[in-house]
Amino acid sequence: MFQKMFERFEEEVKSCLKSVLDVDFTLEEPKEKFGDLSTNVAFKLAKSLKRKPVEIAEEILNKINIRKYKYIHKIENINGYINFHIDYNKFAKDLILEVKNKGKLFGSGLKTRKRVVIEHTSANPDGPLHVGHLRNAIIGDSLARLLRFNGYEVETHYYVNDMGRQVAILLFGLKKFPLDKKKKNDHAIADVYVKANKYLEENSEAEKEVREIMKKYEKGIFKTEVRNIVEYCLKGIRETLSRLNIKHDKFIYESDFVFNGEVENVLNRLKRTRFYKENEVSYLDLKEFGIDKELILKRSDGTTLYTTRDIAYHVFKSRNFDIIIDIFGSDHKLVARQLKAVLKILQEKEPEFIIHEFISIPEGKISTRRGIYISVDTLIEECIKKAYEEVSKRRKDLPEEKKRIISEKLGIGSLKFYIVRVSPERKITFKWDEVLNFERNSLPYIQYAYARICKVLKKKPAPENFEIYNVTQNEKNLIKTVSKFPKIVKEAAEKRSVHMIANYLLQLADIFHRFYNSERIIGSKEEAFRLNLINVTKIVLENSFKILGIEPLEEI
RNA sequence: GGGCUCGUAGCCCAGCCUGGAUAGGGCGUCGGCCUCCUAAGCCGAAGGUCGCGGGUUCAAAUCCCGCCGAGCCCGCCA
């Protein structure tokens, strides 16, 4: 019955304007003092009508019969801008009913049959995840959650690069250096990998051996050995991801596309196109697509390359899904363009890419090969440690067990939030004091809002019936922000922008805290309404947390 | 050299796609608010050539062109 209140208000404003105008117009959200929606149509008309915007606006205003609209409280003309104000008494009542009614589904989209595949993380199985992978994983995971919430059928993939040089080096290394069984799997693998790389640098004759392994492996030799090593490492990686509340639906092995003949099939298809060229290597000429660099498909020794196999994987995705989304690091920008071009050539579905910049650490450039990185495991431990210090400082009254649970969730959540909050194209320099800031603009700030609500509602649950008197400005802000949630979710999904959700959450928490500080809830004349208002705020917080894969805490 | 991305107060970030009213937050700084639902909070102040230059427009942080600076890529690595 009640559907997306903010959009209903928007619809009313639109039909209101349409009833008196026969030109296109746009609506925007002005600053608080100018109302809730605004149009600058009078400015657009000024030129053709050769009249002043203020006069045009006035004329439009006079034609409108405001009584026909339920949620429009007032319309005014300020210097030519036509501003619409919400009738908050009616609006709030219906909004609260809507949110209560929908609950967990408030803001979600209708189920669609659209199948989406999101590939993310896909770190090489040669060591633990580090900060760079973390960003990829967090963006991918929350995007999957966002699209699911919007009604899509989503499958997440971890594409395992179990082929190529790094695997050969690992295989080579394991013959020379023992695996430390006491260490976490992925860390033990990294030790060997770093040692093997160092050995290769110092002993150039060993290079031949590595190439030999690669060649044999592609023919199917060492298949089980490689799978075992890879699985060994992945077990460690999975443990880390699981602590972050990130889980992939499927692990797709790159080598499978070679062994099951798919790579060869794709190569044959490409051979029949005019883009295919051969000399000592096979390659594609992609100049037509504005890519000067030829795309090499096969080495002179006949082995395939990473991109070749990736094409086969994408053909597979194209056959099984409607929308293909890849989360890539910015070093893969060229690969992304190449893939898009090749998929177009093959007349398959072209993937969408979310390309994120890197996270750098003060220590310098990250390199797993050289052993320069902060592992996500270390990061998680640090965050929890710091969170524990903060929690202990602020909540001396809590029992030890509770403090530990809260710090674990707050620490890991803060890490995720710090990363998901900034738009992907911006590079991040990882700074501890920013990650573990427990004040405003942080996850604890939002969790605190949630905890405050829980506490109040625990004392006094929101009653079924309530009356709305005069709505204060802080209440209006909170009502409006809550009502905008479905719109934000929809826009974020369309733009594939998870950081919008994080920023919305900050805004909601901010507005809540302001309301909470200035308005007494329990014991006030408006108690019943306010309890209902914070109750719906709580639902929106929960739904937003779910999108980000962060667990709400009833107490912090 | 070429391609892509970024440049918004001392520091960090949103807004840019879809142009509009004194450019929003946060950290830090300064000053206030706890006999009352967690002060992990709230209120206030100071702090800006939106990298630079040009163009389009009644109107540009936003669109177009040029430049400067930073990052990434340009491998028979992945």
Side-chain angles (χ1 to χ4, degrees), chain A residues 26 28 30-31 33-34 38-40 43-44 46-47 52-53 78-81 83 122 124 126 161 163-167 169 211 254 280-283 290-293 296-307 309-310 329-337 355-358 360 369 390-391 393-395 397 410 418 421-429 431 433-434 437-449 451-460 495 499-500 502-504 506-507 509-510 512-524 530-531 534 555-556:
Chain A
T26 53
E28 59 190 303
K31 283 178 202 165
K33 63 174 172 180
F34 293 127
S38 172
T39 182
N40 56 24
F43 288 84
K44 307 269 185 212
K47 198 174 183 186
K52 286 181 186 161
I78 299 178
N79 300 325
Y81 292 94
N83 299 329
S122 304
N124 285 346
D126 55 17
N161 299 130
M163 200 147 226
R165 213 183 134 74
Q166 87 281 2
V167 174
I169 291 172
R211 295 217 77 90
E254 185 184 10
E280 40 317 338
V281 297
S282 321
Y283 67 95
I291 301 168
D292 290 334
K293 179 73 198 153
I296 294 167
L297 298 166
K298 257 187 176 179
R299 296 189 182 91
S300 47
D301 67 0
T303 56
T304 57
L305 287 95
Y306 154 84
T307 330
R309 294 169 233 133
D310 217 5
S330 70
D331 55 339
H332 279 55
K333 275 184 217 171
L334 180 60
V335 176
R337 289 182 60 206
I355 296 185
H356 63 86
E357 280 299 331
F358 288 109
S360 56
R369 198 161 43 80
E390 287 292 328
V391 173
K393 202 162 68 195
R394 295 172 206 260
R395 296 299 304 272
D397 55 311
L410 221 43
Y418 170 71
R421 196 170 73 82
V422 322
S423 51
E425 58 271 18
R426 196 180 273 277
K427 11 182 200 294
I428 295 176
T429 308
K431 292 192 185 113
D433 56 335
E434 280 170 17
N437 162 34
F438 274 46
E439 293 169 9
R440 309 185 60 171
N441 250 11
S442 71
L443 178 72
Y445 180 72
I446 300 161
Q447 292 278 22
Y448 186 41
R452 278 179 150 176
I453 292 173
C454 289
K455 185 69 167 288
V456 174
L457 290 175
K458 211 169 179 178
K459 276 192 173 176
K460 204 144 195 186
K495 291 182 175 173
H499 77 281
M500 282 182 68
N503 284 298
Y504 169 80
L506 281 172
Q507 195 196 337
D510 177 45
F512 168 76
H513 281 305
R514 258 151 51 191
F515 157 77
Y516 181 91
N517 254 276
S518 61
E519 256 82 60
R520 179 84 199 164
I521 300 166
I522 295 173
S524 69
R530 288 182 180 161
L531 286 170
I534 65 167
E555 185 177 27
I556 68 168

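Being a predicted model, the structure only gives us computed values, none of them experimental. Just so it is clear: chains get the letters A, B, ... in the order the sequence lines come, proteins before strands, and each one is counted from 1.
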Among residues at least two apart in sequence or on other chains, which ones pass salt bridge (charged side-chain N to carboxylate O under 4.0 Å, His left out) with A/Arg440? A/Asp510
Show the distances under 3.5 angstrom between N or O atoms of the protein and N or O atoms of nucleotides 28-34 of chain B.
none

Under the salt bridge (charged side-chain N to carboxylate O under 4.0 Å, His left out) test, residues paired with A/Glu425 that sit two or more places apart: none
For atom P, what is the distance between B/A61 and B/C50, given to the nearest Å? 7 Å
Kindly give the atom pairs (protein nitrogen or oxygen, nucleotide nitrogen or oxygen) under 3.5 Å for nucleotides 56-58 of chain B.
unit_1, atom_1, unit_2, atom_2, d
B/C58, OP1, A/Lys47, NZ, 2.9

Could you tell me which residues satisfy ring-ring contact (aromatic ring centres under 6.0 Å, His included) with A/Tyr448, sequence neighbours excluded, listed by chain and number? A/His513
Pairing residues for A/Arg452 by the salt bridge (charged side-chain N to carboxylate O under 4.0 Å, His left out) criterion, not counting sequence neighbours: none
For A/Arg530, what residues pass the salt bridge (charged side-chain N to carboxylate O under 4.0 Å, His left out) criterion, not counting sequence neighbours? A/Glu475, A/Glu526
Kindly confirm whether the side-chain ring of A/Phe34 is stacked on the base of B/A21, judged by centres under 5.5 Å and planes under 30°. yes
For A/Phe438, which residues count as a ring-ring contact (aromatic ring centres under 6.0 Å, His included) partner, sequence neighbours excluded? none
If the condition is ring-ring contact (aromatic ring centres under 6.0 Å, His included), which residues does A/Phe358 pass it with, not counting sequence neighbours? none
When both hydrogen-bonding distances must be under 3.5 Å and the geometry is Watson-Crick or G-U wobble, what is B/A59 paired with, if anything? none
